[in-house]
Amino acid sequence: MNRKEANDLMETDTTSPDALRASMVDKVRTMGHAWRSEVERVLRQVPRHEFVPEADLETAYHSWKAVITHRFEDGASLSCASAPYVVAMMLDQLDVQPGNRVLEIGAGTGYNAALLSELTGDAENVTTIDIDADVTTQASRALQTTGYGGVRVVTGDGAAGVPEHAPYDRIIATVSPWDIPEAWWNQLAPGGRIVLPLRWRGQARSVAFSEQEGRLISDSVELCGFVYLVGDDEGERSAPITEDGTVGLHWDRDQAVDPSVLKGVFDQPRITAWSGVTIAGDESHDGLWLHMTVTDSRTCRVNAQSDVSADVCDPIAPLRSPALVEGGSLAYLTSRRQETENGARWELGAIGNGPAAEELTERLCDEIRAWSSARDKRPTVIAYPADTPDNELAATPIEKAHSRLVLTFDDKLSTAM
C-alpha cells in the first residue's frame, strides 16, 4: 500500500459511521453519561445514522445535538432523535434489566426503541407509542430495516399508554408531561421504574422514579428539555406581561398568579440586589432554579424576547429564567460581570419591579446564597396519587391533576415514606 492509499484509508476510517459512533460515545462518557456499562455497549452497537437518514453522518453522531425529523406548521419541533448525551443519561436512569417489559412514550425515529431492545434482550419486550402516524410509520420502517422489527409500534395517545401489553417493568417518556397520567401509574408494575421529563414551576427535569408502595420516589433528577406532551390535564399556564407581548410568564395552575395585574410592572421603579455569590463563565447556575422549586412556592419562569431592552427586563437567560411573583410584583434572576484576580466571574443577583420588589429581590438573593452553600445537593421528588390525604404527605405539595408532587431535601423523611 502506498502513502496515498494509506492516507485515503485513514481519512475514510475516521469519518466512517463506526468511527464517528465510537467518538460520540467517548464524548458522551466524558460528559458523565453512559456510565452504566450496558448503556455504553448498546450506544456503540446500534447504528444511529440509520434512524436519521436525512442527516449527514457528523450530524447524526454529534454528541450533544438533537436531530429534528418532524416539525409543526409553525416550525416548532414535533419529533426528533434526542441528543446522544440525553439518550444516555435517561437510559442510565431507567436501568433496564434483561427480560424487562418496556413502554416508551414518544416513538421518535425508533432509535431509542432499538437501544431498549438491546438492553432488555428481546425486541418483542418493547412497545413504543406516538400520536403522529407519520412518526410511527417512519419509526417502524427504521426498526424493521435495522433488525428490530419485533418492537411494537403503536399509533395513539401516549397519555393513555398501551394497556393491552401492561404491566411494564420500565416506562420511559421522550415527551415532556406536566403531570404523570393515571394510565402510566396503572400500567407500571409494582417495584418498576419510570423516567420522564417532568415539568413544574416553569422548568423540566428528567426524573427517575421507582414505585414504592403506591408512591413514586425519585433517585435521580437531571436537567433536560423535550417537546411537550399536551393534553386535557395540561397545567402549565403562560401569558404576556407587557402590552407588546415581548415578555411573558410561565406558571402552574396551583399558583396564585394573575398576569393581568402584572401588566405595566416594568414601568414601576426597578430594585436590584446582589447576592455576593459568583460563578465562572462555564459554571452552571441551573441548580438554583431546582432549589427554588423546593423552597418557595412562588417560583415560576420569565421569558423575554432577544430584542427586549435590558432597561426593561434583564434576566440572566432571556428565554428561561427563574422568577418570584407576588401579586403585582416580580423579581427575576440576573447577573453582572466582575473582574477578579482569577479572571472574569459573574455575580448572581435579582431585579424586581412592583410594590413587593424589595422583599422579592432580597428573598431571591437569600435563595442564591442557600443554593451556593450546597450546589450539588439534589432534592428527592415524591409523587403521590391525587387522592392522598395531607397527613400522609412528606411536605406541602405541588398540586397536579393525577398526582401531588412533593420535593424535599430531607433524606430521612423521603426514605421513611
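The figures here come from the full heavy-atom set of this structure, side chains too, leaving out hydrogens, waters and symmetry mates. On a predicted model such as this, the values are computed, not experimentally measured, just so you know.
Under the rule for a ring pair (Phe, Tyr, Trp, His ring centres under 6.0 Å), the partners of Tyr61 that lie at least two apart in sequence or sit in another chain are His49. Remark: Phe266 pairs with no residue by the ring pair (Phe, Tyr, Trp, His ring centres under 6.0 Å) rule, at least two apart or across chains.
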* To do: Step by step, work out the side chain to side chain donor-acceptor pair (under 3.5 Å) result for Asn342 and Thr340.
  => CA-CA 5 Å; Asn342 298 318; Thr340 72; 5.0 Å; no

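At a threshold of 4.0 Å, the pair Glu118-Arg44 does not count as salt-bridged, since none of the basic side-chain nitrogens sits closer than that to a carboxylate oxygen. Salt bridge status for Arg363 with Asp296: present, with a side-chain N to carboxylate O gap under 4.0 Å. Salt bridge absent: Arg193 and Glu211 never bring a charged side-chain N and a carboxylate O closer than 4.0 Å. A salt bridge links Arg29 to Glu40: at least one charged side-chain nitrogen sits closer than 4.0 Å to a carboxylate oxygen. The pair Glu339-Arg345 fails the salt-bridge criterion, with no side-chain N (NZ, NE, NH1 or NH2) lying under 4.0 Å from an Asp/Glu carboxylate O. In this structure, Glu236 pairs ionically with Arg301, as a charged nitrogen and a carboxylate oxygen lie closer than 4.0 Å.
Residues Tyr384 and Leu393 have side chains in contact (heavy-atom distance under 4.5 Å, counting atoms from C-beta outward). With contacts defined as side-chain heavy-atom distances shorter than 4.5 Å, the pair Leu91/Glu38 does not qualify. Counting only heavy atoms from C-beta outward, the side chains of Trp346 and Arg336 never approach each other to under 4.5 Å. In this structure the side chain of Leu288 reaches within 4.5 angstrom of the side chain of Ile368, judged on heavy atoms. Here the side chains of Thr278 and Gln338 are in contact, with some heavy-atom distance below 4.5 Å. Counting heavy atoms from C-beta on, the side chains of Val28 and Trp64 never come closer than 4.5 Å. For the pair Thr380 and Ser218, the minimum side-chain heavy-atom distance is below 4.5 Å.
Sorted by first and then second residue, the pairs that involve residues 109-128 and meet ring pair (Phe, Tyr, Trp, His ring centres under 6.0 Å), not counting sequence neighbours, are Phe51-Tyr111. Judged as a salt bridge (charged side-chain N to carboxylate O under 4.0 Å, His left out), the pairs with a partner in residues 88-112 (not counting sequence neighbours) are, in order, Arg36-Asp95. Among residues at least two apart or in separate chains, salt bridge (charged side-chain N to carboxylate O under 4.0 Å, His left out) pairs with a member in residues 249-263 are Arg201-Asp252, Arg201-Asp254. Applying the side chain to side chain donor-acceptor pair (under 3.5 Å) rule to pairs touching residues 157-167 yields Arg152-His165, sequence neighbours excluded.
More than 12 heavy-atom neighbours from other residues, nucleotides or ligands sit within 6.0 angstrom of CD on Gln97. The number of heavy atoms from other shown groups lying within 6.0 Å of CD (Glu399) is above 12.
Within the 3.5 Å criterion, the main-chain N or O of Ala55 finds no donor-acceptor partner in the side chain of Thr59. Of the possible donor and acceptor atoms, none in the side chain of Asn100 sits under 3.5 Å from a partner among the backbone N and O of Asp169. Between the side chain of Arg205 and the backbone N or O of Cys224 there is no donor-acceptor pair closer than 3.5 Å.
None of Arg375, Arg378, Glu367 except one satisfies the side chain to side chain donor-acceptor pair (under 3.5 Å) rule with His291; the exception is Glu367.
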